[in-house]
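The figures that follow rest on heavy atoms only: side chains count, while hydrogens, waters and symmetry mates do not. Predicted, not measured: the structure shown is a model, and the values here were computed from it.
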Amino acid sequence: MLLFVLLVLQSYARAQIDPAHCRYPLGMEDGRIKDDEITASSQWYETTGPQYARLNREEGDGAWCPAGLLQPSDVQFLQLDLRLLTFVTVVGTQGRHAHGTGNEFARMYRLDYSRDNEVWKSWKNRLGNKIVEANDNAYASVIKDLRPPIIARYLRIIPVTRLPTTVCMRVELYGCPWHDGLTSYSAPEGQVMAAPGYPITSLNDSTYDGYLERRKLFDGLGQLTDGVIGQDDFLLTRQYHVWPGYDYVGWRNDSLGPGYVEMQFIFDRPRNFTAMKVHCNNMFSRGVKIFSSVSCAFKPRLVGDWEPQPVEFRTVLDDRNPSARYVTVPLDRRAGKALRCRFWFADAWMLFSEISFLSADAVIPTQAPPLTTTSFPKVETATPTAMATPTHRIETTPVIKDNPEEGNTSILIGCLVTIILLLVVIIFLILWCQYVCKVLEKQRHHHPADPPGAPPGLPAGLPYERVFLLDPQYQDPTALRNKLPELSESAEASGCGGGYAEPDVTQCTPHQCFQTSVPHYAETDIVNLQGVTGSNMYAVPALTVDSLTRKDISAAEFPRHRLLFREKLGEGQFGEVHLCEAEGLAEFLGEGAPLPERDGKPVLVAVKQLRADATNNARNDFLKEIKIMSRLNDPNIIQLLCVCVSSDPLCMVTEYMENGDLNMFLCQREIESTLTHANNIPHLSDLLHMSVQISSGMRYLASLNFVHRDLATRNCLLDRRLTIKIADFGMSRNLYSSDYYRIQGRAVLPIRWMAWESILLGKFTTASDVWAFGVTLWEIFTLCKEQPYSLLSDEQVIENTGEFFRNQGRQIFLSAPPLCPPSLFELMMCCWARDGRDRPTFERLHQALRPHTTAPRRTGGLMAPLY
């Protein structure tokens, strides 16, 4: 299964949302924003109404035009309803061209926004300017980044002019959903740090869009939710032309009487809170430390009282590592619409740069509806209560309510006509989607070498239709194919040969050379398995999935009514992953079952389930996935325990790893860890042991000719005993939902972990898994504080793969992590050899790493060479 990690800059952990990646069209041009969601203060004609204000489209008379000449004092606006809270990062505008007959445009505009359609706020940039420069002609699109970004549901574009003139506009917004659901936070006003020998540092929340009263901020959002993470040295900033300390909001201990900073957070709806992530500075040499402890109270309703029992969390203070870091505060799935958190000082100053929340959108009900329901005349479900119990039983029997008889003939006829029209629309959409898929499939096979560069004027990070080479000399497939013989050349790294047999690309036809998934083994074809959580899990030998009957599935059928729902872990296009308790599972599986000791408690399991709206193809793929998972039996591979396939919904039950994924595990070790020593950092031998376990699991998959395609720390799970097991759950989790390089809004490829031939030629082999293993090692030894190639944009990463292809010595490699001995970094470099045949096999990697797991615990240069 394929995943991405959020793009973050060097030496800091990941944010919940990243403005550099959150740049996808929100639906003006493609019609996802409906006509009735676009309104205006006025319009010149009906044919220049607000519904015609769509970028790059020229229906009607070609744009929205407010009535009459626009005066400098006028306030005319185009209003968009985005339907949900959205993180808006870019605005694109055009004038009215109308195929050459129009010549009206706006040279400037302002932006007003609202999160509730009641309180409206005016956007201003980081220097306080409200005016955005727009167009100087009627046809070219002008793309403007919003710094800071806007978090809102409703947005008004207000054209501005200095002279009376006619104005017309077409627009598009870019951004992504605001999954946090946070609508405002309140906090004490940030303060000024003045110390001898250092510049005066203003630590105020300069982009806060609420109001200030009695030195407290109320009813707004600001720098703590803008996605910009502060650096280790808080005097340095990521913005230009701002003052020192700009990226942080900070408070001095002796200025706040209670010894803590109290903040309140209000959300759009009640939620079950899993965790709070607070990015803190820890420059202790300047009297700055992370908070010592935090206490969070919950309020189910805004008009209610705070619950008496708060969640409390104490951090492990670090006086050796001055790096800024995220502190993850577990919130125990507590329910509420508002939180009040008190952060206690550990030193003279406390500095925050970002706060984000992990939660479910709605409170888990006492008696929840079934995981899926079958088709019945009318279905009612229980209304969730604010303080519901988080455990309920999975049921498949809906509550049926009979439809009352309709005596009014005209209403009945109207309903029938509406149903018929809806069916016609659905059939049309299905046929249109099939046509578009065929066109895209044809482009995918015949045009793999188009350049990935955006059209002129588009900002970096906007999605494009395909992944291409950047260099213009490779835009022609013929020119690219002429370069393919270079693939057979040996990489310059010595001693790294792995013995993989590559296809002879010099003898292939253009179609064979450019297909996005080619056979990689002479003895078998490779097919892609589409997991229900939204991405390819493994590429597997075709002979394993050529027939599908119940006898092919070796896993036993588990009684569905014994699965007790705890929470939703994630979801994909056609499937969901749930955390459940399995009653009597140990007795059901018998002796030798791979279950942890629960001391009489119910066994926790992960249940992957097919949704009711899944297609027939998704259903078949789900059964294939079950069949393949039932074949895997290795201590370092997640294991299928049982299934529920005798009736709908189809479910597979797998092991649940209580310590989560390796990425989050290592991120938290600096603060709280069972593997740390006096300096709170995992020791070299601990990291090596993790690496050995991953290499062992991948060695097993390689022995079966299984190609994982998405090996990364996010897909390595840890159980109670810290045993690592390779899995495919990562992509379905909202935590990583914005970690993907997207094409037309869909998650596509984890390019920062992929070998160059996988990106450019669509070739996924065990050798490309070895490349990903090298990146995974790099993640482990950076403690997952940094994303691979963090200083490169996605487009630059793709361009760098072109340098590997051309092999002119201009490739950019990952640098050696601070905790990594030189011999281990040489092993990583071998994994990134240009020619797959020069990369080591997983067997050789395992042999090279394994002897050092029993070596004495030391980090110096006394370690023997790893390879």
| For Phe352, the option from Trp251, Tyr248, Tyr185 that meets ring-ring contact (aromatic ring centres under 6.0 Å, His included) | Trp251
With a 4.0 Å cut-off on N to O distance, would you call [X] and [Y] a salt bridge?
X      : Y      : answer
Asp209 : Arg115 : yes
Arg153 : Asp116 : no
Lys289 : Asp319 : yes
Glu29  : Arg54  : no
Glu37  : Arg83  : yes
Arg252 : Asp254 : yes
Arg126 : Asp226 : yes

| field | Check against salt bridge (Lys or Arg N to Asp or Glu O under 4.0 Å), Arg107 and Asp136 | value | CA-CA 6 Å; Arg107 295 186 179 274; Asp136 56 12; over 6 Å; no
| Check: Tyr211 ring centre within less than 6.0 Å of Phe218 ring centre | yes
| Aromatic centroids of Trp344 and Tyr260 separated by under 6.0 Å | yes
On the ring face of [Y], is [X] found with NZ or CZ under 6.0 Å from the centre and within 45° of the axis?
X      : Y      : value
Lys121 : Tyr113 : no
Arg170 : Trp64  : no
Arg286 : Tyr198 : yes

Side chains of [X] and [Y] only: does a donor on one sit below 3.5 Å from an acceptor on the other?
X      : Y      : answer
Arg156 : Gln79  : yes
Glu312 : Ser293 : no
Gln223 : Thr207 : no
Asn204 : Ser206 : no

| task | Determine, step by step, whether Tyr174 and Tyr24 satisfy the ring-ring contact (aromatic ring centres under 6.0 Å, His included) criterion, reporting the C-alpha distance in whole Å, the side-chain angles of both residues, the deciding distance to 0.1 Å, and the verdict. | result | CA-CA 5 Å; Tyr174 302 86; Tyr24 307 114; 9.4 Å; no
| Can you tell which of Arg333, Arg334, Arg271 makes a side chain to side chain donor-acceptor pair (under 3.5 Å) with Ser359? | Arg271
